[in-house]
Amino acid sequence: MKKRVTLLIAFLLVGIFSIYAQQLTITGTVIDKGLGDPVIGATILVQGTTNGTVTDMDGKFSINASKGDVLRISYIGYQPQTIKLDGVQKVYTIQLGEDTQALDEVVVVGFGTQKKVNLTGLFPPSIPKHWSRAR
């Protein structure tokens, strides 16, 4: 009798853990809401974990998660989105809309081409004659 009770408890525990530990493979595509183009390099994270991935050249991704997990999809210049996984739907098309407020905060710095002589000199090439060059 004691053996049967122990066996029953073991089966119940295995059943409970297998229900909670079921991993789903979630796939999908992240696209720009306005243009419909794929968003390359968007980040998909399972919130509360370090599990994440990045979209490929076609905006496609694949990630392992569990039912009830929340996916956070983000990319610079776009409003992030969250999706709660219901365990039924396994393929998603996620549309990210532009975040115009965040775009105002981005600073782009560009550098032109310079000759090495111009970069190492103390004065620019066109200097007044009354200035002396440092030697």
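Hydrogens, waters and symmetry mates play no part in the numbers below; they use all other heavy atoms, side chains included.
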Please list, one pair per line, the donor and acceptor atoms closer than 3.5 Å that link side chains of residues 84-94 to other protein atoms, with sequence neighbours excluded.
residue: D86; atom: OD1; partner: V88; partner atom: N; Å: 2.9
residue: D86; atom: OD1; partner: Q89; partner atom: N; Å: 3.0
residue: Q89; atom: NE2; partner: V91; partner atom: O; Å: 3.0
residue: Y92; atom: OH; partner: Q89; partner atom: O; Å: 3.4

hydrophobic_cluster_shared for L96 and L45, side chain cutoff 4.5 Å: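 Hydrophobic grouping puts L45 apart from L96.
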Same cluster (ILVMFWY, side-chain, under 4.5 Å), I44 and Y78: yes
Audit row: V30, F61, side-chain contact (heavy atoms from CB on, under 4.5 Å) steps and yes/no: CA-CA 8 Å; V30 179; F61 70 92; 4.1 Å; yes
Side chains of Q23 and S66, donor plus acceptor under 3.5 Å: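 Indeed, the side chains of Q23 and S66 share at least one donor-acceptor pair under 3.5 Å.
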Where V46 and T49 come nearest, the two heavy atoms and their spacing: O-OG1, 2.7 Å
Please report, to 0.1 Å, the donor-acceptor pairs under 3.5 Å made by any side chain of residues 53-60, with sequence neighbours excluded.
residue: T55; atom: OG1; partner: V39; partner atom: O; Å: 2.7
residue: T55; atom: OG1; partner: G41; partner atom: N; Å: 2.9
residue: T55; atom: OG1; partner: A42; partner atom: N; Å: 2.8
residue: D56; atom: OD1; partner: D58; partner atom: N; Å: 2.9
residue: D56; atom: OD1; partner: G59; partner atom: N; Å: 3.1
residue: D56; atom: OD1; partner: K60; partner atom: N; Å: 2.8

Check: Q95 main-chain N/O paired with Q81 side-chain donor or acceptor under 3.5 Å: yes
Spatial distance of atom CD1 (I63) from atom CG (L71) [nearest 0.5 Å]: 6.0 Å
